[in-house]
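The chains referred to below are lettered A, B, ... by the order of the sequence lines, with proteins before strands, and numbering in each begins at 1. Just the heavy atoms: all of them, side chains too, but no hydrogens, waters or symmetry mates, feed the values below.
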Amino acid sequence: MRTPWLALACTALCSAAGAQDAAAPTQPSTKPNAARFASLGPLAFGPSGVLFAADSKAAEIAALRVPASTAKGLAGDFALVGVDARCASALGVELEALRIIDLAIDPATQLAYLAVARGRGADAQPVLLRIDGGGAIEALEADALTIGRAALSDAPSDEPDARGRSSRQETITDLGFADGKVIVAGLSNAEFSSCLRTIPYPFAKAEPGAGIEIYHGAHGKLETRSPVRTFLAHEVGGEAHIVAAYTCTPLVLIPVKQLAPGARVRGKTIAELGNRNRPLDMIDYTKDGKPFFLMANSSRGVMKIPAHELEKWQGIEERVDGGGTQGLPYEKVAKLEGVEQLDKLDATHGVVLAREADGKLALRAIVLP
Amino acid sequence: MSEPRHRCLFAQRALSAWALLFTLVACARREAPSELALERDAEGAARAVVLRRAVPSRSAPIDLLKVYLVARERSDLALPPLVGVHSFRGEDLVFEPRFGFDARQRYRAVTESGMELVFPGVERDVDEELVPTTALQAIHPSAATWPENVLRVYLHFSAPMSIGRSSEFVRWRDAAGELVPHAFLEIAEELWDPSGKRLTLLFDPGRVKRGLVPHEELGRALRAGERYTLEIDARWPDASGRPLAQGSRHAITATAEDLASPAMDAWTLALPTAGTREPLRVAFGEALDAVLLREWLWIETGDGARVRGAIALEDAERVWTFTPDEPWRAAPHALVANDGLEDICGNSLRAPFEVDLFERVTPPAGVLRRRSFEPR
């Protein structure tokens, strides 16, 4: 007679840092009405235990119920060097055939979730990975964990019988949750659009996310249709706002309540953080009772930006000359180098995906500066 | 020394009566030693690794048998084994990788007792697959002159490409051959079509926009009158990891900026003859977006039904032709455009790319515009 553990199909769990292997509960492989992910990521945590994941190829946002885990979350001294090589190895591909699309930390468990693509091309397999405090990497069944999907309204109503499938596609560049709404930033591979979409959660059927055009009225009188690169939800003056960072690098404040479908919203530019720069990721946190933003950039390092009483800042309405900065001051955090992605871990720590001096990609906990 | 006997000795030294009994039973039952084997499908692709006669054992299945990728580049990290499912088939332990074995990879199966089996994902000579065949087929805009505020470039490939690596292999050089830095907007996931064969590159709107800070310091990536080269590096891997068949260079001369919306009324229509399948020819007087021209411009009959037919682009996207499947009827028709249709500088029928917020209000997107015509 086989002992019970012999009958267990054992685990998509493997040890990455010499941590003790443990059998994880096997997820059901299928679930009625659970669509398959065509692509996965970016990610954002919403209400307790719900993980939102963009599926750009399907033009949908999925809500997933993350499975319970007995594993410990990431601690303040967590470091997993070569996280991309470890994930690639676990998924059986060379490092160059693995793309990490996004990182999200579950605020309830401090477990790290990575959206990755296994493969090089458009047919790469989307995989949701979970990493625990011991560095063990677990491959989750994202399809089976899906509890709802919402379509992004992008299909033009004017193509009643267009032949074949459209080759237009939007890549979702960032995802957030605020004030009961999933907020989605994207960029099209054809027509130029720089709109945000909002989708109320729980998802209602037949209520696709509607586009909102955002203007940030800086740069003389000209509206800028530069795309939102990254954003976060942040409370300003008791109201939910999003703080959106654009390429080259204005920081714009937009009240969430104005993000109604079809609205044209003019955001307030509260900072110009310098040119030749691409904002990569952003979090907000509180230190010594004061709010701050921490923003990772392509060429200007990690910026710590005081976010105290933002409602009192005047919007920047004039052209900022000389390639300089204006508005909110910021401080460059010199010790944080090569940071590509950021998320909050707890009240005093964050987690970064950062390229180390030796070229290795590390998943590390940091003390919030 | 074989592993079962080694285990027996170890147990005796431990002087544990229970362990001794258990191990003796285990050894007694094991008439033949374990054996590591591979299961392949009919095409020769590895499907599962089997540890024959794996039971009984006190170890968990995940410890009894692990399968690792043999990476082409060695790593100094202790890399984890493949994720997958361990299951028992009688006394045999079977490991099936969650994501399958890849044809062109090699793997190493290792048992707890030290047995090892190295195998390729597919049992055949794969070297011939590494011959590059993927080619860059077209670039849009296809003209040799681009306005200095051109917004978008499409690269069309003959086969699916790797994603996320364009910034390593696409370069924009000025007349002196110097690299123009940050010319294209860097987007981690890039803007591919669903097939992975067409990449959209955006000249960074932050540079193209008048009034934005970097424009003042960096200027546009193109300046009227100057010559540039779009360089595609042959080392760019396609989706199967093979490089391109060849690299390519495309010389472009920049012309004056185009800040105006295309005007549908200004287009020239060369009307077809009723009763024939002659193409309708629409000349825009400027180049429009090659992708949008195939999706957001079409023909309807007087009652609003879409006419079926074939679209072709001529004269470097300055001319759109439509050849109907059935002969034209001598009746009113309409050329219909989604007003999101753009020229190559991002100026749409609805609004120029650069909008003065204080003077203009743009209507919502997706409004259809019509221009009536009747075949001769």
Worked verdict on A:R229 versus B:E186 for salt bridge (charged side-chain N to carboxylate O under 4.0 Å, His left out): CA-CA 10 Å; A:R229 302 309 299 270; B:E186 287 176 24; over 6 Å; no
Could you walk me through whether A:L95 and B:E73 pass the side chain to side chain contact (heavy atoms under 4.5 Å, CB included) check? CA-CA 9 Å; A:L95 177 56; B:E73 285 188 28; over 6 Å; no
Given A:K360 and B:D76, is the salt bridge (charged side-chain N to carboxylate O under 4.0 Å, His left out) satisfied, shown in steps? CA-CA 11 Å; A:K360 288 196 174 79; B:D76 54 357; 3.2 Å; yes
Intermediate values then yes/no, side chain to side chain contact (heavy atoms under 4.5 Å, CB included), A:R168 and B:L292: CA-CA 8 Å; A:R168 288 184 298 115; B:L292 295 178; 3.6 Å; yes
Test A:Q169 against B:W192 for side chain to side chain contact (heavy atoms under 4.5 Å, CB included), laying out the working first. CA-CA 8 Å; A:Q169 182 173 300; B:W192 290 88; 5.8 Å; no
Before giving the answer on side chain to side chain contact (heavy atoms under 4.5 Å, CB included), spell out for B:R98 and A:Q125 the whole-Å C-alpha distance, their side-chain angles and the decisive distance to 0.1 Å. CA-CA 11 Å; B:R98 167 87 173 270; A:Q125 290 166 287; over 6 Å; no
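In terms of heavy-atom proximity, B:V83 sits nearest to A:A139 at CG2-CB, 4.2 Å. Nearest heavy-atom pair across B:A239 and A:G121 is CB-CA, 3.7 Å. The shortest non-hydrogen separation linking A:I137 to B:P80 is CD1-CG, 4.5 Å. Minimum heavy-atom separation, A:R120 to B:G241: NE-CA, 3.6 Å. Between A:E96 and B:R72, the shortest heavy-atom distance links the atoms OE2-NH2, 3.9 Å. The two atoms that bring B:D102 and A:G92 nearest to each other are OD2-O, 4.4 Å, heavy atoms only.
For the residue pair B:E295 / A:S167, a side-chain donor-acceptor distance below 3.5 Å is found, with atom types taken as modelled.
Put simply, OG on B:S162 and CZ on A:R99 are 8.5 Å apart, with the number rounded to the nearest 0.5 Å. If you take CG on B:L201 and CG on A:N189, they are separated by 11.5 Å, rounding to the nearest 0.5 Å. Taken to the nearest 0.5 Å, the CG atom of B:L82 stands 8.0 Å off from the CG atom of A:L91.
For B:R198, the part lying near chain A is the side chain, with the backbone staying farther off; criterion is any non-hydrogen pair under 4.5 Å. B:Y107 touches chain A through its side chain: at least one heavy atom from C-beta onward sits under 4.5 Å away, while N, CA, C and O do not. Only the backbone of B:V70 has a heavy atom closer than 4.5 Å to any heavy atom of chain A. Looking at B:Y154, the atoms closer than 4.5 Å to chain A (heavy atoms on both sides) all sit in the side chain, from C-beta outward.
The choice from B:V67, B:L77, B:I187, B:D193 that makes the most heavy-atom pairs within less than 4.5 Å of chain A is B:L77.
B:Q105 places no side-chain N or O within 3.5 Å of a backbone atom of A:V93 that could act as its donor or acceptor partner.
Between B:E190 and A:L187, every side-chain heavy-atom pair lies at or beyond the 4.5 Å cut-off.
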